[in-house]
Every structure is written in C-alpha cells, then in structure tokens.
Amino acid sequence: MPPSSDLFQPIQNQAGQNDSLSSTPVVHGVPLVSLRQILPDKFRAIFPYELFNAVQSKCLDVVYRTNDNVVVAAPTGSGKTAILELAICKLALDRGYENFKIVYQAPTKALCSEKARDWEKKFSHMNLKCAELTGDTSLAEMRRVGDASIIVTTPEKWDSITRKWQDHRKLLQMVELFLIDEVHILKDMRGATLEAVVSRMKTIGANVRFVALSATVPNSDDIARWLGRNHTNQQLPAHRETFGEEFRPVKLQKLVYGFDSNSNDFIFDKFLDQKLPGLIARHARQKPILIFCFTRKSCESTAAVLAEYAADRPDGDKLWPVPSQRVPVLSRELQEIVGSGVAFHHAGLDVQDRVAVEQNFLKGQLGVICCTSTLAVGINLPCHTVVLKGTVGFMHDRLEEYSDLEVMQMLGRAGRPQFDDSATAIILTRAANKDRYQKMVSGKEILESTLHLNLIEHLNSEICLGTIQDLPSAKTWLGGTFLSVRLRRNPNYYQLTGTTRSPSGVDDKLEEICERDIKQLQEAELVVTQDTFRCTEYGRAMSKYMVEFTTMKLLLQIPRGVGMEVLASEFKEFRFKPAERALFRELNQSPLILYPIKEAVTQTGQKISLMIQAHLGCVQYPDSSEAAKARRQLMVERKLVFERLNRLVRAVIDCKGHDRDSVGTKTALELARALAAESWEGRATQLTQVPNIGPVGMRKLASKDIRTVLQLVDKEYDEIERLMSRQPPFGKNLRAHLDKFPRLAMDAAVVGHRLQPKSEEPVLIEVKATLRYLNRKESPNWNNRVPTLTFLAETNTGTLVYFWRGSMRKLDMQAGFVLKFPVGLREAKDKVICHFSCEEVVGTIVHPSKAGSPEYHDDGDIEDSELILAAEQALAHSSMKQTPMVTAEIDIDEYPSVEELIDMDDTGEQIADRRLFESRFDWQMADGSATTFVAEAL
Ligand SMILES: Nc1ncnc2c1ncn2[C@@H]1O[C@H](COP(=O)(O)OP(=O)(O)OP(=O)(O)O)[C@@H](O)[C@H]1O
C-alpha cells in the first residue's frame, strides 16, 4: 500500500499522540474540521474528502465566515486551492443567484487553463460558469466572459481589460471577489503588472474582497498590509495565516550545489553532465527522475551521457527504473537510449514520441526524462527527484537566470503524494548563485516590489484611466501599492536617497517621486494639466500599447511626413553578437532589402531592422553554418520582435493620426500590414500569404511576371498548375483559397460643397466614399478571419482628413458601405486622396484609379473660377489657426484581436463599443454662405 500523507489523514493531537478520546483529529496543533458539519450539501461535492486538512481548517473561519481580505502562505501541495474554493462558496452563500463576478489570477496561461477546466466541472452544479480570459482567448471565449461568474485570467490580460476601465465599467463593477494565486510573483519582473492591477482594483472596485495565496515568504505580513483588512479598513492588515514546511504533504529535501567555474554556459553545462551520475546515485533512491536542461541539445546530450553510464553498469545495479518491455519510439536517438530507461523530451520532438515518453515514464518503464523547462508547466509528470541542471534558460533571445516562478514550477514536479512520502530537489548552479537559490528554496527570500522599475509607465496608465487626477490622488494610488509598503521597510533597496524610516520621510519621498515623474510625462507631452491631469493622445497610445517611456519619447521624435526608411531603423533592443556581424553585413547587400543600412552595420537596431526586412522580403540566407544558426535564432526571436514592433507601430499610427500627419499614418499602417502579413506591400513576397505558396513558388511565379495575388486570382486552376509546375489537385486547392482573397473596390465622389469665405479653409466639400468587395463566389475571409478594413483620406499636402476602421462584415455585397465626410480645402489645387485596404493583408490596397489626372465629380454645378476666388480670399485671411480635430476613441484591445471585439459589437449587447471601431476624426466647421466644391475622387 502506498504511504499516505500525514497531513491529510493524521489523527494526532498537539503532543503528537493518538487522540482517541476526542472525535476531532488534531494535526500540528490544528483540530481538523469535518466538511459535513460546516458546509451545506450543495458545496460538499466541491471538496471530495471528509475532513479539511490542517491548513484548510485553520483558515476556515476567516475565509468562510468573514468577508475580510485574507493572505495564506503555505508550501506547495498543502491544499491551498480549497481556500479559494471556500471563498467562492462564501460569496455564493451570501449572494445566492445574484449577478456577481469572481476574478482568479494566476501567473501563467497553463495554470489558468488547468484551473478553468477544474472549476468548470466543480462549480457547474451551482450555476457558476467559468471562463478563461488569457492571451490566447478566442472569440467564443470572449463572449463567454460576459456570461461567466468566474473569470480565470493572467495579470497581463486583466491589466489590459482594466486599462479600458471606462469601456468595461459594468464588468468591473460586478467583481466582488479577487483571488490571487502565487502572489509571491510580485518580486519577478512581471510582478509589477500584478501589483498595478491589484492596486487598481483596490481603487476602482468599491467592494472587492481579496484572497491571496503565496508560497512561503518571510514577509507575508507586508502582503497583508498592502491588501488591507477590507475596503473600509485599509489601515488594518488583511488576515494572515502562514504554514511552515511541516505542512507539506510530501517532505521535500532541497539541495543546492554551487560549482566554481568561469567557463561559458555551454561548457558549464557539459561539466554538470559529469556530476549527474554521482548525485543521482546519492539522492534518487532508484526512483523516477526529471532533469531540466537549458536547451534541446542539452536534453539530448545529457540523456545520451546517462544512457551510456547506465549501459556500463552491471545488471542489478540500476540507478533508476528501466523498461521491462520494449518502449516504442520513432526517433533514432531515442531508440538508442530508451532501453536504459532514459529519454529526452522537448518541443522539437515528434508528438507521438513525446506522448510515448510521457506515458512510459508514468507507467514506470522509463526512469529518467531530460527535458526543457516547458515540461514543468505543461504536463503533469510527477517524480521523486527533480534536478535543475544549471539555472539559466533562454528568455527572449538571451540566457538568463530562471525566475523564481520557473524554479518553483520545476521543483513542484518533485513528490508523488500517491506513492511517496518524500521527494528530492537538486539545483546545480554556479557558486556565485548558490546563496540566491538556497534562500529561494528555503522561503527566506524577502518579497520586494518591482513596480519602481516601470513606475512612470504605470503612473501614465493610471492617469489615462482616471485613477489619478491630481497630485493627491497620485500619492493615494502610490500609497496603496506594495511598493509603498516595502519602501517604508527597506528604503535602501529602492535606492531612494535621503529617505528616513520615519513615516513622514517616506511620505515626502512618495510625493517627490509622483511630482518628478508626472513632470516628466508633462514635458514629453504625454500628460497635460487642465482642471485635472489628463493623458494626451500620445499618453493614451503609450498606455494602450504598453510602450516604455523612453521608447515613447523616441517615437514622438519621428518627424512629420516620415517614410518607411526612418521607421525601419527605430527598433533597437536586442543583442548584436560580434559573430553575427558578417552575416548581417552580407544580408544588407541583398537587393531584396528595401531599406539597406547606409553606414556600417554595428548596432542592434540595425540588426533588428535587417532581420525584419529579410523576413518580409523572403531574403535567402547565405549558405553557411553561421547563417543557418542566425536564421534559427531569428525564428526564436521573431515572435517577440514582431509582437513588440506591432505594439510600437500601433502607437505610431495613433500618434501620427492625432497629428493629422497622413504620410506618417500611412507609413505606419503599411508597416503594420506588412508585419501582420509577413510580407512587404507591393512586392512579389505578397504571394507567400497564400497557403501552399512558399518562397520557391513565389519565385517561380515572379519569374513568369506574376507578382501580386490579384494577378493570380483570375487564373484557372490548370494554368496555376502549369505556372507552378505542380500536379492536380494543387491548382484546385489553391483556387479555393484564392476565391476568398479580399478584392476591394472603392468609388469616391464629391457630393456637396459650400464656401466659407473668411475662413482659412474657404471651401468645404462633402466626400462620399463607397467601399465594396468584388468577390462573388464567396465573401472574403482570409486565413479563417473576416478581414478588418481601413480607409484613409488625405489632402495632397499630407493632412489626414478622415480615417475609418471596421469589419468587412459591414460591407453589403451589393450596396457596399458608404462613408460621408466633409473636408475643408485651402486652395484651388487642393485634392483629396482616398486609400482603402485590409488592415492585415497586403496586396489589397485600392490604388488611385487615375493617378495624376484628377477626376471631378461635379454634383454642384460650380465654376472653378469661384473656387479660385474663394481660395484667394482665404489666402488673404491672416489667421492660420489650425482647425481642431477630435479623435473619437479607438479602443482595440490588442492587435490583431480587432475581430473579436467587432463580433461582440455585433451581438448588440456591447453596443457602446461600436464607436470604437468607427474611429472618426471630427472637426469644427466654420459657417459659410457661398458654395463651391472640388475634389479628386480616387
Ligand atoms: N482535505 C484534504 N483531504 C485530502 N486531500 C486533499 C485535501 N485538500 C487537498 N487535497 C488534495 O491535495 C492535493 C494538493 O492540493 P492543492 O492542489 O490544493 O494544493 P496547493 O497547495 O494548491 O498546491 P500548489 O501549491 O501546487 O498549487 C490535491 O490532489 C487535492 O485534491
């Protein structure tokens, strides 16, 4: 029979003796509570056991019998989830079937998915629906959030929702319970988001109860102080319960080995391989082992080392379980080692092999898996021993020490409550880091804030949100953060010189910080002071697209009327390794690089620019191992680079739109389109947007003078096959895709006009643009998405006069979609030029129908001479004051999720959001008596 945990079934009193006289078992001094006695029947199914364990029993009163905020710090596996579930039951008990929302926050999507799955089942009988809202949230899930009582989400996602507090006011006001899992991530870089989100919820949510769970930390009292007892008693700390290692159901022995070494991480990794057999022999007790390695290659080579070691040992002297039958795997490398009970597991492995490795490990046929850290979050593979072979992993494009959360998740795999009463975690690191990991695993590391690292960005966001309106409210907000709690305790850590420990000293400092940062935001024109602080359009773009302050200042320096050349050199973040320089210099010579670097290629920003251009232009990499390596590296970095670029470009679109700079807006829109489509506009690379056309097919078509998708859409399938030298049914399949490619059309005409003689824009015309699509077989639907469209009108002097963004669904097949807008003209030669395209598909832009030869649509029977007269009058008008232009809210959650929200809009329920997608630039019009018109409708 497997040993069972004394935490869950102990019947001992405080003195550790059997308490046969009492009917209440006592564990570690805590009388265990029977579920039967406490909970109504409807809640009992949620807790599939008879007794609450010691941790749960101790927390029961405060969680289930009060509405106060609670912080619980306890070891992994001690049954903390039940505490959150009890808080949910308490709310359900108090509120019955009333409408309320519960938000559960966990730091990773994997944890969220696990929790959502679990709670969906557990709470369905109580009619509490559960919806997951993470970065990957699909359209259907977005809808379910409105319906659900429990929203399972990450801090980042909830941050983006609450940043749009005005739009989601109704949703946020319904939140009554806020559950924070793994609150100790406050000290990780991502902790600042959690801190900002919780501090915001404290400010905007009048009556939210917070229940926070933490791993063991020495200063959980600071978390309690931060959350406060409840909304009205912020000066009192939240209730707090802490539990030590003795409450861990499977005892975990934690060992940290530090090794002196000056060698690089790769050589150090090899060195650690040699240490493994001895350590395993000493600690693993012949039970299953997971070894976390920093690269796929390291997984494979470590597995090979261990298999070889096992093969050399005499029979019966095994260090880990070995197979009693054949383990079927496809990979040749795996086939060579599984016989020794060893395997590797990483994302590069065939799915079938991954499953085989997992299942055979669970069945005891394999004894060791060497895996990358992703296995720690995705799959439940408990084992007896976990080894962290080295403590660095790839983060973005570089090797970085693992975060606390990553380490905890890896260590969390040690211990199999069903089989073991003990487990072992071994961390192998450099001697210099030993202390850090020892503190981390022993729970002795003080939890500090990271909010100060991005404080100015957070202040800007809170001003945009209206949480901060003036200096006193800025101080109140800052005073309600975890940072302020820690500042009082450890001012030196935050390098706040001149701070004293006296409360008034810290208060003065907080005020000083607020004043300093808000002044900087004002100087950068991100914030203005009217009656209250307000974000400018620039500040709003910075908050919406999460752009750093220094980057935002750079973006604002982009000159008016900028073309692609300048934008393409704006991104300089990543590392440029000396070994890569020759390659990027060579890439820079390619004719497919549209914006080559003119000076020597030495800067990281130049590397990023070339990387993007090489990708968008399908540039072939030179045939060398260095190039192959750089290309692989590019694959790793690409998602991150593109995601970051996308945010920056979106911010530029908003800022340039606000400046009425049509050239800058068009350039940024074009870049955004190219990034989404992974191809430049106007180049043959656009053909690679079509499924089944890769770089080779693209080159073949280009050599036959087919350079755009629109040139291809009219071809018959057999011609396509001939052009591309392919066999049936290639052509038919491709045709099916091509039928859905958006084929846009537009008519534009001047439909009204009037003169406003004394104005600097003496002519006011009304333009009517009709947007259509020409697809007849199927309505356009590209990559399984209904495309989002953008329409932009500008004058020939580069002034943006109208902008619209919306869904293809708005276009009626016959009637299209009509936009009407007035445009003020200054001179007779002024023209209005319209552009219409898909937002994320290149090759769809509708070009001017008669470029260079203006086409007048005269609905008003007005002579040109009248216009010239009006223009002369206007020139005589001395005031050149610019007519004010107000941009309506364009509030799109994150690109490319425009679609999701448009769909919500279509339900009719979220009607308030409709304006978000019909962004309209309005301006005041002066009164005029005479009438005339001109326009070039293209
Ligand atoms: N009172 C109890 N009696 C028996 N089993 C329990 C009890 N409470 C929890 N468990 C079981 O213990 C296991 C661990 O519980 P849980 O996942 O809640 O721990 P945790 O502290 O949240 O862990 P982690 O820190 O990994 O999130 C689960 O399988 C759960 O069903």
Side-chain angles (χ1 to χ4, degrees), residues 2-11 24-28 30-39 43-60 63-64 70-89 104-108 110-119 121-122 152 179-185 211-217 220 241-252 376-377 379-383 386 404-421 423 425 441 443:
S4 57
S5 142
D6 68 342
L7 182 63
F8 292 136
Q9 296 187 341
I11 316 216
T24 312
V26 176
V27 179
H28 301 307
V30 183
L32 301 193
V33 178
S34 149
L35 274 93
R36 218 177 280 267
Q37 285 164 7
I38 300 294
L39 298 181
F43 295 158
R44 291 243 297 279
I46 299 165
F47 309 93
Y49 26 77
E50 286 296 310
L51 288 175
F52 283 118
N53 71 20
V55 169
Q56 296 152 352
S57 298
K58 183 115 191 282
C59 297
L60 191 82
V63 176
Y64 191 64
V70 185
V71 177
V72 178
T76 307
S78 55
K80 295 192 290 293
T81 308
I83 291 164
L84 303 181
E85 293 164 347
L86 276 169
I88 296 175
C89 291
Y104 165 87
Q105 298 253 288
T108 64
L111 284 171
C112 283
S113 305
E114 200 181 310
K115 197 63 81 201
R117 271 198 305 274
D118 185 25
W119 282 357
K121 276 189 242 137
K122 273 190 177 166
V152 174
L179 307 170
I180 315 168
D181 212 345
E182 319 244 13
V183 67
H184 50 271
I185 66 150
V211 177
L213 302 182
S214 170
T216 319
V217 286
S220 55
E241 297 291 348
T242 57
F243 301 89
E245 279 299 292
E246 67 278 15
F247 287 86
R248 197 185 270 281
V250 177
K251 302 285 164 270
L252 183 65
V377 283
I379 307 153
N380 191 13
L381 285 183
C383 60
V386 162
D404 292 29
L405 183 66
E406 283 172 307
V407 172
M408 290 307 172
Q409 283 186 324
M410 288 185 252
L411 297 195
R413 296 290 160 221
R416 302 179 302 158
Q418 322 87 301
F419 304 114
D420 273 344
D421 57 1
V441 296

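Remember, it's 1-based here, ligands and their atoms both numbered in the order they're listed. Every value quoted in this text rests on a predicted model; they were computed, and no experiment measured them.
The distance criterion of under 3.5 Å between nitrogen or oxygen atoms is met by Gly79 with respect to ligand 1.
At most 12 non-hydrogen atoms from other residues, nucleotides or ligands lie less than 6.0 angstrom from CD of Glu50.
The shortest side-chain heavy-atom distance between Val70 and Cys59 does not fall under the 4.5 Å cut-off. With a 4.5 Å cut-off on side-chain heavy atoms, Phe247 and Lys58 do not count as touching. Thr242 places none of its side-chain heavy atoms less than 4.5 Å from the side chain of Thr216.
Near Lys80, with a cut-off below 4.0 Å to any heavy atom, the atoms of ligand 1 are 18 (O), 19 (O), 20 (P), 21 (O), 22 (O), 25 (O). Close contacts between ligand 1 and Thr81 involve ligand atoms 16 (P), 17 (O), 18 (O), 22 (O) [criterion: under 4.0 Å to a heavy atom]. Residue contact check: Gly77 has heavy atoms under 4.0 Å from atoms 14 (C), 19 (O), 20 (P), 21 (O), 23 (O), 24 (P), 25 (O), 26 (O) of ligand 1.
Nearest residue to atom 2 (C) of ligand 1 from Phe52, Phe47, Tyr49, Phe243 is Tyr49 (criterion: closest heavy atom).
Contacts of Leu51 with ligand 1, taken as heavy-atom pairs under 4.0 Å, involve the backbone alone.
Between the side chain of Lys80 and the backbone N or O of Pro75, at least one donor-acceptor pair lies under 3.5 Å.
Distances shorter than 4.0 angstrom do not occur between any heavy atom of Gly412 and any atom of ligand 1.
Each of Thr81, Ile38, Leu86 was compared with Phe47 under the side chain to side chain contact (heavy atoms under 4.5 Å, CB included) criterion, and only Leu86 meets it.
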